[in-house]
Amino acid sequence: MSSTRDVNNKYWDEKLETMPRAELEKKQLEDLQEIVKFAYENAPYYKRSFDEAGVKPEEIKTLSDIQKFPFINKTTQRDTQGVGSFLGELAAVPEEDVVFISTSSGSTGVPTMSPFTKKDFDEFQDTESRWFWQIGMRPNDRYVHALNFSLYVGGPDVIGAQNLGALCIWGGTLPSERLLFILKTYQPTIIWTSPSYAWQLGEKAKKAGIDPKKDLSIKKIIVAGELGGSIGATRKAIEDLWGAEVYDFYGLSDIFGACAAHCEYHDGLHIAENHILVETVDIHTGEILPPGEVGELVFTTLRKHARPLIRFRTGDIGRIDQTPCKCGRTHGRIYINGRKDDMFIVSAVNVFPSDIEAVIRNLDGITGEYLIRVFEKDFTCKYAVEIEKNADNKASDEEVAQRVSDALKARIGVKPANVVVHPDGGLDTRSEHKSRRIIDERKLDYNI
């Protein structure tokens with residue numbers, strides 16, 4: 001496949017990626033009508049919930065008609081999983097048609113499985129090839145896939161790179177020393193990991209006497225799993241450390257690996273609108289918001305048959321821009337602010353950890369590591385931040401704390417109740433992969 005593809009063409013599938021908006025939406029409507037009918041006829045949950053809501057698949061005449069149908073969420077998945085069959089009531093195919101399942105991490109509850117038919121899986125991998133090609137991967141690249149292969153939906157994404165023709169090294173969750181050995185010995189050009197680990201791996205390389213810019217050949221770093229890749233200050237810090245370009249990918253275990261990705265302009269993440277219909281809703285009322293407004297992203301899978309997701313509330317807060325990108329692609333771009341679960345409200349201000357990270361990663365004299373503690377005092381929500389001071393920073397802890405507090409106040413609008421300054425390495429936030437940086441000590445719910 002890759003041998004006949006023009007490596008100078010910037011598009012993996014030019015017709016699909018540059019399709020006029022009207023044509024794209026016409027195809028979306030055809031697929032939406034088919035998948036809603038398929039879900040109703042084959043998945044016990046959808047038959048029951050549509051009947052209870054008094055809606056029928058035939059009512060979908062336009063894309064906006066999807067708004068007549070009920071939402072589902074993670075709780076729906078957990079409540080229906082294993083009910084009636086191994087795959088549960090959301091599944092629309094028999095188990096013998098399923099060739100692969102992944103599961104969620106379970107970080108917010110019971111892990112949920114995501115099944116794929118062979119057609120689902122093949123289309124998933126073609127989309128991954130499209131994202132890899134979009135960021136400039138070509139058959140002459142050497143690629144290290146440094147993501148978890150244990151049931152994680154991002155694990156198989158390496159197949160998309162292989163289908164493109166790249167030389168692929170299935171790294172997985174290797175210890176840092178082993179991964180650095182691979183980077184130094186095999187001199188790969190592209191790696192995929194999490195933003196926090198990309199930063200930490202570069203720092204560990206320097207401490208091991210390896211200059212990531214001079215001694216390694218990494219030219220592009222793909223990051224996912226955390227927001228850092230779409231936070232300008234974090235992306236620049238990683239790029240400066242490695243001398244490589246950072247691209248953010250976004251995926252959901254509920255759908256498939258990477259569903260959206262940066263192009264060369266890094267202005268939002270192109271989402272595969274041939275696979276996903278995107279809505280934005282008010283996080284409290286569920287009211288539909290126009291494109292461009294910030295709310296909770298709601299996805300409907302248009303082509304996944306093993307377990308269709310009709311109006312799935314993702315829990316991700318963001319917006320979509322459906323205007324054409326400078327790169328020429330017409331599929332909408334999503335911008336993620338953060339997780340609804342992670343957002344907290346201080347003095348009537350919505351605070352996302354991504355806003356705090358943008359400040360911390362942009363300040364000189366501190367390592368960029370941080371921890372957020374959310375707590376209650378006098379029946380109001382407060383937050384504190386813990387950071388690390390660089391070993392060569394001569395300023396006092398008090399001066400560093402004040403500078404961080406002032407910067408957070410200027411960016412977010414509310415200053416932290418406290419800033420705790422640790423020495424370099426004093427915070428236990430460094431992880432081989434995803435880093436958990438929020439400790440919520442509240443007993444009351446301030447997000448309602």
Side-chain angles (χ1 to χ4, degrees), residues 1-21 23-28 31 116 118-145 147 153-169 188-192 219-224 229-230 244-252 255-278 301-304 320-334:
M1 179 169 59
S2 60
S3 60
T4 59
R5 193 176 295 272
D6 179 7
V7 297
N8 296 312
N9 189 331
K10 68 187 289 183
Y11 305 108
W12 175 254
D13 185 339
E14 185 169 359
K15 184 176 185 299
L16 172 65
E17 294 172 57
T18 63
M19 189 177 288
R21 188 82 211 165
E23 190 178 337
L24 175 60
E25 291 184 355
K26 180 175 181 290
K27 184 70 173 66
Q28 282 184 313
D31 286 342
F116 294 77
K118 186 178 188 308
K119 181 172 179 289
D120 293 340
F121 191 83
D122 289 346
E123 291 192 357
F124 157 29
Q125 291 311 323
D126 186 69
T127 304
E128 302 316 303
S129 297
R130 171 175 152 194
W131 301 142
F132 286 130
W133 193 273
Q134 181 170 296
I135 65 117
M137 183 185 288
R138 295 296 183 267
N140 63 350
D141 277 299
R142 298 176 197 164
Y143 169 62
V144 175
H145 197 68
L147 297 180
V153 74
D157 289 20
V158 66
I159 297 170
Q162 287 187 179
N163 290 344
L164 179 153
L167 186 159
C168 295
I169 302 165
T189 52
I190 302 175
I191 187 171
W192 182 352
K219 299 293 183 287
K220 299 177 190 293
I221 300 173
I222 302 165
V223 295
S230 286
E245 193 167 6
V246 172
Y247 292 86
D248 197 15
F249 280 16
Y250 167 92
L252 286 172
I255 300 179
F256 56 66
C259 304
H262 270 159
C263 67
E264 66 267 32
Y265 290 99
H266 303 279
D267 182 14
L269 292 89
H270 290 277
I271 189 161
E273 287 196 277
N274 58 312
H275 284 285
I276 300 169
L277 182 68
V278 181
T301 55
L302 297 173
R303 300 183 60 81
K304 191 175 180 188
I320 184 168
D321 181 351
Q322 294 177 329
T323 61
C325 179
K326 286 182 286 188
C327 72
R329 294 176 177 86
T330 53
H331 290 237
R333 287 161 288 150
I334 58 172

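Just the heavy atoms: all of them, side chains too, but no hydrogens, waters or symmetry mates, feed the values below.
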K.L.:
Before giving the answer on salt bridge (charged side-chain N to carboxylate O under 4.0 Å, His left out), spell out for Arg333 and Asp321 the whole-Å C-alpha distance, their side-chain angles and the decisive distance to 0.1 Å.
P.N.:
CA-CA 5 Å; Arg333 287 161 288 150; Asp321 181 351; 3.4 Å; yes
K.L.:
With the side chain counted from C-beta on, respond yes when Ile222 and Phe132 share a heavy-atom pair under 4.5 Å apart, and no when they do not.
P.N.:
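When only atoms from C-beta onward are counted, Phe132 and Ile222 do touch, with a gap below 4.5 Å.
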K.L.:
Should the pair Asp126-Arg130 be classified as a salt bridge under the 4.0 Å nitrogen-to-oxygen rule?
P.N.:
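Between Arg130 and Asp126 there is no salt bridge, as every charged N stays at least 4.0 Å from the carboxylate O atoms.
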K.L.:
Check whether any side-chain heavy atom of Ile271 sits under 4.5 Å from a side-chain heavy atom of Val278, and report yes or no.
P.N.:
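Yes - at least one pair of side-chain heavy atoms lies under 4.5 Å apart.
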K.L.:
Checking side-chain polar atoms at under 3.5 Å, does Trp133 have a donor or acceptor matched by the opposite partner on Asn9?
P.N.:
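On atom types as modelled, these side chains do not qualify, holding no pair under 3.5 Å.
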K.L.:
Do the ring planes of Trp192 and His145 sit parallel (below 30°), tilted (30 to 60°) or perpendicular (above 60°)?
P.N.:
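Perpendicular.
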K.L.:
Going by ring-ring contact (aromatic ring centres under 6.0 Å, His included), name the residues that satisfy it together with His262, two or more places apart in sequence or in a different chain.
P.N.:
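His262 satisfies ring-ring contact (aromatic ring centres under 6.0 Å, His included) with His266 only.
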K.L.:
Between Gly136 and Asp141, what is the shortest heavy-atom contact and its length?
P.N.:
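Nearest pair, atom of Gly136 first, then Asp141: O-OD2, 3.8 Å.
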K.L.:
Using the side chain to side chain contact (heavy atoms under 4.5 Å, CB included) criterion, which residues pair with Asn140? Sequence neighbours excluded.
P.N.:
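Asn140 satisfies side chain to side chain contact (heavy atoms under 4.5 Å, CB included) with Arg138 only.
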K.L.:
Looking at every non-hydrogen atom in both residues, tell me the closest pair between Ser129 and Leu164 and how far apart they are.
P.N.:
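In terms of heavy atoms, the two residues are closest at O-CD1, 3.7 Å.
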K.L.:
Can you name the closest pair of heavy atoms from Gly328 and Thr18 and give their distance?
P.N.:
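Smallest heavy-atom distance, with atoms named: O-CG2, 3.4 Å.
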K.L.:
Are the side chains of Tyr250 and Ser230 in touch, meaning some heavy atoms are under 4.5 Å apart?
P.N.:
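A side-chain contact under 4.5 Å is absent here.
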K.L.:
Quick one: does Val7's side chain get under 4.5 Å of Pro139's, heavy atoms only?
P.N.:
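Counting from C-beta outward, Val7 and Pro139 do come under 4.5 Å.
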K.L.:
For a quick test of reading the model, state the closest non-hydrogen atom pair linking Cys259 to Trp131 and the distance between them.
P.N.:
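So the minimum-distance heavy-atom pair works out to O-CZ2, 3.2 Å.
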K.L.:
Would you call Leu16 and Tyr11 a side-chain contact if the rule is heavy atoms closer than 4.5 Å?
P.N.:
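No. Closest side-chain heavy atoms not under 4.5 Å.
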K.L.:
In terms of side-chain geometry, is the basic nitrogen of Arg329 or Glu273 positioned less than 4.0 Å from the acidic oxygen of its partner?
P.N.:
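The answer is no: the pair does not qualify as a salt bridge.
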K.L.:
Do you know which of Ile190, Val246, Ile191 makes side chain to side chain contact (heavy atoms under 4.5 Å, CB included) with Lys220?
P.N.:
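Result: among Ile190, Val246, Ile191, Ile190 is the only option passing the side chain to side chain contact (heavy atoms under 4.5 Å, CB included) with Lys220.
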K.L.:
Of all the heavy-atom pairs spanning Gly257 and Glu128, show the shortest one and how long it is.
P.N.:
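Closest pair (atom of Gly257, atom of Glu128, distance): C-OE2, 4.3 Å.
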K.L.:
Step by step, would you call Glu123 with Lys119 a salt bridge (charged side-chain N to carboxylate O under 4.0 Å, His left out)?
P.N.:
CA-CA 6 Å; Glu123 291 192 357; Lys119 181 172 179 289; 3.0 Å; yes
K.L.:
Please confirm whether the backbone N or O of Gly332 pairs with a side-chain atom of Gln322, one donor and one acceptor, at under 3.5 Å?
P.N.:
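Not a single qualifying donor-acceptor pair exists.
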K.L.:
Check whether any side-chain heavy atom of Gln134 sits under 4.5 Å from a side-chain heavy atom of Glu17, and report yes or no.
P.N.:
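Result yes, sub-4.5 Å side-chain heavy-atom pair found.
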K.L.:
May I ask you to decide if Met19's main-chain N or O and Thr330's side chain share a donor-acceptor pair within less than 3.5 Å?
P.N.:
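Yes.
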K.L.:
Just how far is it from atom SG of Cys168 to atom CG of Asp157, taken to the nearest 0.5 Å?
P.N.:
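Rounded to the nearest 0.5 Å, the SG-CG separation comes to 11.0 Å.
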K.L.:
For Glu25, which of Arg21, Gln28, Lys27 qualifies under side-chain hydrogen bond (donor to acceptor under 3.5 Å, both in side chains)?
P.N.:
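The side-chain hydrogen bond (donor to acceptor under 3.5 Å, both in side chains) with Glu25 is passed solely by Arg21 among Arg21, Gln28, Lys27.
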K.L.:
Phe116 and Ile255: which non-hydrogen atoms are nearest, and at how many Å?
P.N.:
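Taking every non-hydrogen atom into account, CZ-O, 3.2 Å.
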